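Taking it in order: structure first as C-alpha cells, then the write-up.
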Protein chains: 2
Amino acid sequence: MNKSEHFDESLQDIAKFSRVLSHPARLAILKFLAEAETCISGDISDFIPLGRTTVSQHLKELRDLGLIKGEIDGLKINYCLNSLKIKEYLQLFDSFFNEIQASEIKC
Amino acid sequence: MNKSEHFDESLQDIAKFSRVLSHPARLAILKFLAEAETCISGDISDFIPLGRTTVSQHLKELRDLGLIKGEIDGLKINYCLNSLKIKEYLQLFDSFFNEIQASEIKC
DNA sequence: TTCTAATGACGCAAACATACGACATTTATT
DNA sequence: AATAAATGTCGTATGTTTGCGTCATTAGAA
C-alpha cells in the first residue's frame, strides 16, 4: 500500500528526516541532549514524561537515522547528538526550501 | 493514548510542521507548486503518481496547516504556496536547530 | 556467585496514516 | 433542463506509530 518509493530519493530522505522530527518527545530528547551536562539514557527517561521503554524506542528511532550516537560506559549508555549527521540532513532540508521559496508566486 | 500534549507548545508546532513534511507526496506537491506555471488541482494529480482522491487528501493536510492556499476559479481550484506561513514555520524550525547546534558536545 | 540496576528487544492494543473507490456538489456546456 | 467535468467528502481496508508491560542481557556490587 505504501507508495513512497515512487518518489525522488532526495524527497524520501527529507521525508524520513521529517518523520523522525514529527514527535515532540523526540524533539525534546534532542533538546535535552544539547543542554544536558550528562546524557545518560536513564536521565533522559526521567526528564521526558513517558515510560522508560517508550523513551528507549524514541531513542532508537533517532539512532537509526543517525541523529544521535550512544556510547556504552559500563552499565550505562551515554547518548549524544551526532552534529555532523544533523548538519547533513539540515542541508538537504534547507536546499529544498531555498528552491521552494526562490520561486515567483504565479497564482 | 497520545501524550503529545505533555510537551512544550513550540515543540508541538515543530512536530506538526515536520509531520506534514514527512510524506514525499506532500513534498512533491510543494515542489510542483513552486515550479508550475499553473497550479490547478487536476494538474497536480496528473503529476503525482497517486490516485486523485489521495492527492486531494494530501492537499488538504497542506491546506490545514496553512502551507498552501486554494482559490476557486469557476470549476477549477488554483492552489499556491503560502510563502508567509512557510517562512513562519521555517523560522521556528531554524531557531530550534540553531539552539541545538550551538551547544558544546559534552559526551 | 548471587543479587540488583540499566538497558534494549519483543509483543500487544489502541490510535493514526495512507490509498482509493463510490458518492455528492458545484459549475460550465449543449 | 440535461449532461459532463473538476473537485471535495465519506467509508473502508490495510499499514504504521505510539505507549507500555514483560522479558532477556549485561555489568557492577555484595
Side-chain angles (χ1 to χ4, degrees), chain A residues 1-7 11-12 15-29 32-33 36 38-65 67-80 107, chain B residues 1-7 11-12 15-29 32-33 36 38-65 67-80 107:
Chain A
M1 182 174 133
N2 193 325
K3 299 200 163 177
S4 289
E5 70 281 355
H6 296 164
F7 296 91
L11 292 187
Q12 289 189 46
K16 265 188 252 172
F17 179 54
S18 300
R19 159 145 304 140
V20 170
L21 300 178
S22 75
H23 196 293
R26 292 192 286 269
L27 297 172
I29 290 170
F32 181 80
L33 288 181
T38 60
C39 29
I40 291 158
S41 175
D43 296 340
I44 302 170
S45 315
D46 292 346
F47 178 74
I48 303 281
L50 292 171
R52 191 189 58 75
T53 48
T54 306
V55 171
S56 185
Q57 229 170 309
H58 286 306
L59 284 169
K60 178 169 161 41
E61 291 190 63
L62 291 163
R63 243 190 300 127
D64 285 351
L65 200 70
L67 303 186
I68 65 174
K69 289 180 285 194
E71 197 175 301
I72 298 174
D73 171 22
L75 242 192
K76 303 183 175 181
I77 295 182
N78 278 290
Y79 276 106
C80 62
C107 44
Chain B
M1 179 175 132
N2 194 326
K3 299 202 164 177
S4 288
E5 71 278 357
H6 295 165
F7 296 91
L11 293 187
Q12 289 188 47
K16 266 189 250 172
F17 179 55
S18 300
R19 160 148 298 143
V20 169
L21 300 177
S22 76
H23 195 294
R26 292 193 286 269
L27 297 172
I29 290 171
F32 180 79
L33 289 180
T38 61
C39 29
I40 291 159
S41 174
D43 295 340
I44 303 170
S45 314
D46 293 347
F47 178 74
I48 303 282
L50 292 170
R52 191 190 56 77
T53 48
T54 306
V55 171
S56 186
Q57 231 171 305
H58 285 307
L59 285 168
K60 177 168 163 42
E61 292 191 63
L62 290 164
R63 244 190 299 127
D64 285 351
L65 200 69
L67 303 187
I68 65 175
K69 289 181 286 196
E71 197 175 300
I72 298 174
D73 171 22
L75 241 192
K76 304 182 175 180
I77 294 182
N78 278 292
Y79 276 105
C80 64
C107 45

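A quick note: this is a predicted structure, and the numbers were derived from the prediction, not measured. In what follows, chains are A, B, ... by sequence order, proteins preceding strands, each numbered from 1.
Taking atom CG of residue B:Asn2 and atom C1' of nucleotide D:dT16, one finds them 14 Å apart after rounding to whole Å. What separates CG of A:Asp46 from P of C:dT7 is a distance of 9 Å, to the nearest Å. Rounded to whole Å, atom C1' of D:dG8 lies 17 Å from atom CD1 of B:Ile40. Residue B:Asn78 contributes atom CG, which lies 15 Å from atom P of C:dT27 at whole-angstrom precision. Remark: C1' of D:dA13 and CD of B:Gln57 are 13 Å apart, rounded to the nearest angstrom. Here C:dA17 presents its C1' atom at 15 Å from NZ of A:Lys3, a figure rounded to the nearest Å. Taking atom NE2 of residue B:His58 and atom C1' of nucleotide D:dT9, one finds them 16 Å apart after rounding to whole Å. Between the C1' atom of C:dC10 and the CZ atom of A:Arg52 lies a distance of 13 Å, rounded to the nearest Å.
Toward the 5′ end of DNA chain D lies the nearest nucleotide of B:Leu59, the other residue of the pair A:Asp73 and B:Leu59 mapping further downstream. Looking at which nucleotide of DNA chain D each of A:Ile72 and B:Lys76 is closest to, the 5′-most match is held by B:Lys76.
In this structure, the side chains of A:Phe32 and A:Ile48 stay at 4.5 Å or more apart for every pair of heavy atoms. Under the 4.5 Å side-chain criterion, counting only non-hydrogen atoms from C-beta, B:Leu33 is not in contact with B:Cys80.
Residue-level contact check: A:Ser41 touches the backbone only, with heavy atoms under 4.0 Å from sugar-phosphate atoms and none from bases. A:Leu75 comes within 4.0 angstrom of a nucleotide base, judged by non-hydrogen atoms across all strands.
Comparing D:dG19, C:dT7, D:dT7 by their nearest atom to the side chain of A:Thr54 picks out D:dG19.
Ring geometry, A:His23 versus B:Phe7: the interplanar angle exceeds 60°, so the pair is classed perpendicular (tilted spans 30 to 60°).
A pairwise comparison of heavy atoms in A:Pro49 and B:Lys3 identifies O-CD, 4.3 Å as the closest pair.
Contact between the side-chain N/O atoms of A:Ser56 and the OP1/OP2 oxygens of C:dG8 is found at a separation under 4.0 Å. A close approach under 4.0 Å does occur between a side-chain nitrogen or oxygen of A:Tyr79 and OP1 or OP2 of C:dG8. Note on A:Arg19: every side-chain N or O is 4.0 Å or more away from OP1 and OP2 of D:dT16.
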| task | Walk me through it: do A:Arg26 and A:Val20 pass the test side chain to side chain contact (heavy atoms under 4.5 Å, CB included)? | result | CA-CA 7 Å; A:Arg26 292 192 286 269; A:Val20 170; 4.2 Å; yes
